[in-house]
Protein chains: 2
Amino acid sequence: MDQKGFIRADVREKVTGEARYGDDLVFSRMLYARAVHCPHPRARILKIDGKKAMEIPGVVGIYTAGDVPGLNQGPQDKPMLASEIANSAGDGVAVVAAETQEAADRGAALVEVAYEPLPAVLDPEEALASRPPVVLYQEDGLTDNVACRHRVVKGDVEKGFREAEVILERTYRTQRIQHSAIEADTAVAVPEKDGITVYCPCKFPYHIKARVAQGCGLAQNQVRIVQPAIGGSFGGKDIDIVVIAVRAATVALRTGRPCKMTWSREECMQEGSKRHPFRLTYRVGAMRDGRITAIKIDGVADAGAYRSRSLATIWRAAVEAAGPYEIPNVETDIRAAFTNNVYSDAVRGFGSPQVDFASESLIDELARELNMDPLALRRRNIVHEGSVNATGQVLTGVSIDRCLDRLEELFPLGEPSVTPEGKLRARGIACLHRGESYGAAARDADVAGTDVRAFADGSVGIYTSISEVGQGTHTAMAKICADVLGLPLEQVRVCPVDTAFVPDSGATAGSRGTISGGNAVRIAAESLRDILRGAAEGEEDVIFQDGWLCRKDGRRLMTFREAVQICQSRGVRTDAAGQWVAPRTGWDFEKHQGKTYYSFSYGAAGAEVEIDPVTGKVEVLDLLCLHDIGKIVNYPEACGQIAGGVAMALGYTLTEELESRDGVLKNKNFDTYLLPTAMDIHRLRAIPLEETAAENPLGVHGVGEASTALVAPAVANAIARASGARLRTLPFSLERVRSALEKEER
Amino acid sequence: MDQKGFIRADVREKVTGEARYGDDLVFSRMLYARAVHCPHPRARILKIDGKKAMEIPGVVGIYTAGDVPGLNQGPQDKPMLASEIANSAGDGVAVVAAETQEAADRGAALVEVAYEPLPAVLDPEEALASRPPVVLYQEDGLTDNVACRHRVVKGDVEKGFREAEVILERTYRTQRIQHSAIEADTAVAVPEKDGITVYCPCKFPYHIKARVAQGCGLAQNQVRIVQPAIGGSFGGKDIDIVVIAVRAATVALRTGRPCKMTWSREECMQEGSKRHPFRLTYRVGAMRDGRITAIKIDGVADAGAYRSRSLATIWRAAVEAAGPYEIPNVETDIRAAFTNNVYSDAVRGFGSPQVDFASESLIDELARELNMDPLALRRRNIVHEGSVNATGQVLTGVSIDRCLDRLEELFPLGEPSVTPEGKLRARGIACLHRGESYGAAARDADVAGTDVRAFADGSVGIYTSISEVGQGTHTAMAKICADVLGLPLEQVRVCPVDTAFVPDSGATAGSRGTISGGNAVRIAAESLRDILRGAAEGEEDVIFQDGWLCRKDGRRLMTFREAVQICQSRGVRTDAAGQWVAPRTGWDFEKHQGKTYYSFSYGAAGAEVEIDPVTGKVEVLDLLCLHDIGKIVNYPEACGQIAGGVAMALGYTLTEELESRDGVLKNKNFDTYLLPTAMDIHRLRAIPLEETAAENPLGVHGVGEASTALVAPAVANAIARASGARLRTLPFSLERVRSALEKEER
């Protein structure tokens with residue numbers, strides 16, 4: 001394993017500040033836009049009066065839902081601008097466009113909107129209990145508040161409980177958090193001669209293209225999405241960007257001028273999508289020897305006012321909820337409720353962090369109940385090669401046993417201790433399985449198109465719509481291509497993502513970037529290699545190495561560049577298309593069983609905490625995260641991905657929480673929404689493993705998300721081991737920890 | 001033939017002023033550049049002192065040849081900036097970059113360059129006679145002033161002359177003119193994280209990409225050429241753009257800021273490339289019955305100080321010089337000389353207008369000598385199906401006989417007349433053959449790559465680097481694609497030309513745009529159609545019409561859009577690559593014979609003139625231009641192309657001329673360089689014909705250039721018929737006409 005790896009292509013520009021993000025773009029005659037947001041969690045919009053706003057010098061127009069050129073709102077989708085009803089606080093109701101951002105801001109503050117506030121339902125359980133829908137959409141016949149429901153049924157759970165010697169029931173709660181990308185959501189829409197170009201960060205360029213086309217009333221070949229540098233995605237930069245892009249495009253198409261809309265941080269918080277909060281009630285039955293006989297999971301998630309990616313998130317949660325364990329009887333039922341809260345969407349890990357916190361906390365609670373070592377209890381139940389998981393899928397490529405071996409070796413649990421200052425110390429662990437890519441219930445097939453083109457000087461370009469969101473995929477793809485073609489990495493470059501030109505490679509989601517995009521690059525590069533072999537006519541077994549076409553014995557025949565030129569002089573195109581089609585999956589919505597994901601990756605983590613019993617402050621002194629990713633393309637980046645996920649999860653675990661008062665978020669900015677900082681990280685070991693090659697030609701697993709799901713349960717388990725206090729609600733704020741310790745003391 | 005046709009995609013933006021040309025682009029922190037030009041036709045650069053210029057507020061830097069990051073000058077090429085020696089007046093020696101255009105202009109005026117003027121050679125014949133090279137390049141071992149020489153030898157020309165009953169020798173001269181695009185040459189260079197993007201008009205995007213990469217010292221995958229709207233090419237927007245782009249890129253790469261360089265009109269005239277001036281001496285032998293037995297042509301062209309496309313231009317001139325006639329004995333020898341004049345490059349028609357003026361004037365002179373009808377003499381000698389032309393090529397698809405039939409029908413020569421005011425009236429005719437595309441002597445094979453992609457909503461995008469320079473090729477390509485896929489034209493769109501993404505389709509030159517690009521689109525669209533047929537599994541003979549996939553009997557199976565979605569849901573890519581490889585040609589540089597072009601197109605024209613014998617003013621009262629283009633894709637555009645060529649040729653014939661005094665052009669702007677205006681056009685009939693389908697799947701010939709070569713000889717012949725005065729030097733200015741009439745009177 002080459003631990004040195006290589007430098008990411010976009011590092012320099014980001015470190016030096018040269019990277020041009022969406023908000024850095026300036027076009028001639030460009031307008032600036034600011035939205036007017038509804039301050040009520042649910043309200044009827046009676047009147048929008050822009051007179052005063054129009055008096056501000058520089059304000060050129062005020063646009064409302066009726067001005068959106070195409071479809072303002074799809075079924076249960078977030079509207080581009082709320083029309084009749086605003087379903088949640090923060091919903092945009094109007095856009096003010098002006099010659100300067102200042103004028104747009106001043107104008108937006110002066111738009112007078114008359115609302116009739118309506119009763120809001122903010123609690124998802126209450127929403128599920130109430131018949132009449134609490135949200136209103138333009139066209140669909142919603143009759144209750146179920147945004148979606150997914151079940152998993154295996155065996156006979158009641159029978160399993162009857163067999164069990166021990167039964168435990170616990171409820172866990174996770175909070176609403178946000179992506180917190182450094183870059184605020186932004187879009188610049190530029191009207192073109194017969195369409196529009198939108199410059200915006202995006203995790204799924206072709207999805208944004210399709211949605212912007214819909215919102216603008218244009219054909220997809222008239223809409224071009226160009227991706228500037230991205231300052232973080234974390235599962236976002238998708239639906240929020242669609243909304244912003246169509247708002248900017250509305251101004252652009254109505255005025256014929258470019259228009260930029262960049263959300264302020266406050267707007268990102270107020271209107272932007274969030275991670276689904278969950279209530280998860282687990283009932284588990286086990287034998288005294290640790291064998292789990294049954295698990296029953298009932299969950300409720302808060303979808304907020306719009307559906308967005310709730311389907312995918314809830315389904316993943318349901319499928320993964322029973323953990324990486326072989327349990328004969330499983331019944332999972334998770335519903336997402338529409339409420340008048342800000343809407344939920346995919347956030348890095350989407351679904352996994354919530355259920356993994358619950359299931360891995362539960363295992364430790366069961367271990368304690370059974371008086372077993374937590375690691376031993378896991379080992380007793382984990383899936384193995386050939387195991388049948390909760391959805392009836394026969395598993396292959398299972399490596400969780402080895403992840404636990406490595407965890408034990410590197411992070412022995414040891415015994416809890418108390419420091420001389422009276423602080424409580426202990427270690428906790430957690431492990432996980434994580435399904436890769438979209439999963440069987442997704443509308444989108446996992447398909448990635450990628451092209452590779454060789455130029456006359458021997459340099460090579462890669463064309464993909466997999467987004468470089470900071471995770472290093474583009475550099476990984478260049479490396480994969482360079483390896484196939486026997487070229488130095490510098491000779492290969494990934495071209496900017498521009499949907500006018502690059503093929504659809506799907507979303508940078510479900511940790512699929514390198515699996516799908518990388519394998520597609522490999523296919524395309526292999527095709528190109530076959531084409532270029534034609535330059536060495538009469539030679540057999542031509543190999544590509546060090547920039548040369550060589551005989552098998554290493555004798556050099558011609559340079560790569562010469563091969564390209566020979567082909568071109570013969571009229572042969574020196575480019576090739578690659579298409580990666582992921583293995584089939586399938587889900588039976590009646591039987592609640594199926595082949596959920598074409599592969600799972602496995603990981604484990606350990607956390608050592610020190611609790612100040614006086615303040616309730618939890619310091620995570622040591623964090624180890626292991627993730628078997630099959631094959632490591634770029635070691636430092638793999639480590640970086642894992643470490644970044646762990647850091648993000650630390651915020652989820654300890655400090656981050658969006659709280660609402662009467663349906664309006666109290667957190668307005670990062671002064672009240674607390675992200676972890678470098679000061680919160682003590683020792684951190686992010687270790688990618690190459691235990692079992694994944695079942696794709698590159699052998700790679702995704703590395704982007706699993707790490708986000710391991711920290712909360714490991715910390716919860718460490719806290720419990722240190723103090724006896726079991727924290728079942730995220731985050732572990734000072735107050736919660738203090739109060740749990742007090743309860744324990746009593 | 002559908003004479004209604006359809007609207008060009010870029011018409012609206014151009015008519016409304018919405019089109020964004022290169023010079024309209026503004027980037028944040030963009031600098032503006034202005035060049036300092038050498039005022040001497042040949043000079044040694046002793047010192048460049050920018051001190052005073054740097055004192056101008058806003059000037060940020062002064063760049064000279066040493067600052068060009070890559071190769072400043074290729075063999076015999078124009079340097080990006082002159083270093084040691086300036087070889088012609090107007091050569092750029094330094095670039096001043098500033099925060100505003102005004103500051104750059106002021107700075108450029110203050111740069112002090114010390115020159116040592118060197119003796120200049122301005123006459124090409126003198127240059128050829130002198131051994132020591134009059135131009136100096138950085139590296140190559142030039143030993144004389146022959147820029148290039150091309151010969152054609154068929155039969156035994158001396159034997160032919162011995163057989164002849166009549167021998168005539170005449171010398172014709174053509175002048176230096178320029179492209180005169182409305183849009184001045186411009187480029188905006190934007191530094192990227194690891195390369196550069198240049199926004200510039202261009203007729204050959206991949207050529208500019210390669211040359212900019214070379215000039216910047218970058219790999220081709222680091223250079224992106226993006227084409228904004230173009231305000232005319234006419235064979236230009238190529239080498240001049242390379243020079244401007246590399247100058248702007250030099251500033252951009254040295255400062256890390258975008259840089260725009262737009263030439264003023266004066267700079268376009270002073271430094272920009274020109275049409276080659278020719279001296280052509282024809283000696284023709286014929287029998288009394290009109291049969292031509294031999295023709296000997298000796299020509300000298302002025303390449304100016306740099307080679308650029310002289311090779312292609314001179315070769316075409318040599319190959320076409322004997323006209324569309326079957327002559328048993330031919331000897332053509334044309335040389336281009338290096339001089340210290342402004343350099344020559346391709347201008348619409350490149351090579352044809354010069355030799356066609358001479359050869360078609362000569363035929364009329366011979367007809368007069370033989371006392372034959374000019375049309376009859378042509379008919380006596382024209383090539384027919386299976387004829388062997390001057391280069392030994394057996395011709396197929398010949399339609400000049402029918403062009404002459406149509407000409408006679410629509411434009412009977414009639415008799416000269418005198419108006420009551422004493423003005424002289426008569427008609428004259430001319431005809432031509434014109435080789436299509438690059439020709440056998442070109443370095444570049446005629447290959448065009450084009451991709452076609454269908455989107456999920458059924459809209460289609462075309463990817464090509466054939467430039468839309470105002471000729472309507474993109475709309476023609478969309479139509480060809482729409483026809484293959486059975487879609488309405490609106491559903492198909494050609495994506496912007498951006499070399500980061502589109503395949504190399506070669507140059508928009510040699511009238512090949514629709515032949516090569518169009519056939520490539522057809523191939524790609526047919527492949528896409530085959531892919532989409534897969535959506536209708538089990539159906540045979542599926543046809544595509546009206547946006548549907550249908551059974552042979554017309555029964556609709558599914559919409560085009562549904563077919564796309566079905567394929568995509570199966571993981572099948574809905575795009576296809578097309579590659580058009582033109583039929584082979586070949587040139588024997590020893591025997592001066594070969595298959596020169598894969599096809600020729602044919603045309604004929606008639607001009608009716610009215611000469612004011614007092615002023616010498618020639619009014620062209622009626623102009624008819626016929627061009628057999630095999631298959632007409634869009635009738636109004638084909639007419640527009642022909643009419644535009646005729647109008648351009650009218651300026652060449654009557655008014656346009658760049659004159660130099662001591663090697664410096666006297667014409668500084670359009671006040672002294674006279675373009676024809678609408679007032680100069682009386683009756684104009686531009687008629688595309690569909691006589692013989694061309695030998696390519698679409699059956700199309702090029703339509704862009706032939707019309708530029710027919711006007712001058714037709715007008716010359718009409719003047720001669722009206723007045724007896726034979727004008728052998730272009731243009732037919734008042735002075736020349738008056739003086740020729742006086743000579744005739746004497």
Side-chain angles (χ1 to χ4, degrees), chain A residues 9-10 12-13 18-20 24-29 191-195 206 209-210 213-214 219-222 224 229 256 445-447 449 451 453-461 463 490-493 495-496 498 500-504 568-573 575-577 579-582, chain B residues 9-10 12-14 18-20 24-29 191-195 206 209-210 213-214 219-222 224 229 256 445-447 449 451 453 455-461 463 490-493 495-496 498 500-504 568-573 575-577 579-582:
Chain A
D10 59 339
R12 192 183 169 279
E13 57 165 2
E18 283 168 8
R20 289 185 299 158
D24 293 331
L25 303 179
V26 176
F27 290 84
S28 133
R29 298 184 68 237
E192 304 288 354
K193 61 180 180 189
D194 58 349
Y206 263 79
K209 178 188 182 93
Q214 199 178 55
Q220 289 184 17
N221 67 355
Q222 297 176 295
R224 180 174 170 190
D446 186 333
V447 175
D451 297 336
R453 172 170 295 145
F455 297 99
D457 66 349
S459 60
V460 171
Y463 305 82
E490 310 79 67
Q491 214 163 320
V492 180
R493 186 164 178 263
C495 290
D498 181 333
F501 303 104
V502 297
D504 189 358
Q568 290 186 347
S569 72
R570 292 178 186 162
V572 174
R573 276 182 67 158
D575 57 350
Q579 175 86 332
W580 162 255
V581 183
Chain B
D10 58 339
R12 193 182 168 280
E13 57 165 2
K14 288 193 170 162
E18 284 168 6
R20 288 186 301 157
D24 294 332
L25 303 179
V26 176
F27 290 83
S28 131
R29 299 184 68 238
E192 304 288 353
K193 61 180 180 188
D194 58 350
Y206 264 79
K209 179 188 182 93
Q214 199 178 53
Q220 290 184 17
N221 67 355
Q222 296 177 295
R224 180 174 170 190
D446 186 333
V447 175
D451 297 336
R453 172 171 294 145
F455 297 98
D457 66 349
S459 61
V460 170
Y463 305 82
E490 310 80 67
Q491 214 163 320
V492 180
R493 185 164 179 263
C495 291
D498 182 333
F501 303 104
V502 297
D504 188 359
Q568 291 186 347
S569 71
R570 291 177 187 161
V572 174
R573 276 181 67 158
D575 57 350
Q579 175 87 330
W580 162 254
V581 182

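Residue numbering restarts at 1 for every chain, and letters A, B, ... go by the order of the sequence lines. For the numbers below, each heavy atom of this structure counts, side chains included, while hydrogens, waters and symmetry mates do not.
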[X] versus [Y]: any side-chain heavy-atom pair under 4.5 Å?
{"X": "Q568(B)", "Y": "V447(A)", "value": "no"}
{"X": "F27(A)", "Y": "F27(B)", "value": "no"}
{"X": "R224(B)", "Y": "P496(A)", "value": "yes"}
{"X": "R20(B)", "Y": "E192(A)", "value": "yes"}

Next item on the list: Before accepting this row, confirm whether a basic side-chain N of the pair R573(A)/D451(B) lies closer than 4.0 Å to the acidic partner's carboxylate O.
Entry: yes
Check: Salt bridge or not for R493(B) and D194(A), using N-O below 4.0 Å?
Finding: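 Between D194(A) and R493(B) there is a salt bridge, with a charged N closer than 4.0 Å to a carboxylate O.
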Check: Do N221(B) side-chain atoms and V460(A) backbone N/O form a donor-acceptor pair below 3.5 Å?
Finding: yes
Notebook entry, point to check: Any donor-acceptor pair under 3.5 Å linking the side chain of E18(B) with the backbone of K193(A)?
Noted result: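 Looks like no, no N/O pair under 3.5 Å.
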Margin query: For the interface with chain A, which of G256(B), A219(B), A445(B) has the highest count of heavy-atom pairs at distances below 4.5 Å?
Written below: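 Greatest number of close heavy-atom pairs with chain A: A219(B).
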Note to self: Looking only at heavy atoms and a cut-off of under 4.5 Å, which of G458(B), A456(B), A582(B) has the most pairs with chain A?
What the structure shows: A456(B)
Next item on the list: With D457(A) as reference, evaluate Q222(B), K209(B), Q220(B) under the side chain to side chain contact (heavy atoms under 4.5 Å, CB included) test and give the passing residue.
Entry: Q220(B)
Atom group of [X] that falls short of 4.5 Å from chain A, counting heavy atoms:
{"X": "A210(B)", "result": "neither"}
{"X": "V572(B)", "result": "backbone"}
{"X": "D24(B)", "result": "backbone"}
{"X": "V26(B)", "result": "both"}

Notebook entry, point to check: Picking from Q579(A), Q214(A), E13(A), which has the most non-hydrogen pairs under 4.5 angstrom with chain B?
Noted result: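 Sorted descending by pairs with chain B, the first entry is Q579(A).
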Item checked: Options S569(A), A19(A), P191(A), A500(A), ranked by heavy-atom pairs under 4.5 Å with chain B, top entry ->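 Ranked by heavy-atom pairs under 4.5 Å with chain B, first place is A500(A).
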Check: When the ring planes of F501(B) and Y463(A) are compared, do they come out parallel, tilted or perpendicular, using 30° and 60° as the limits?
Finding: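 Rings of F501(B) and Y463(A): perpendicular, over 60°.
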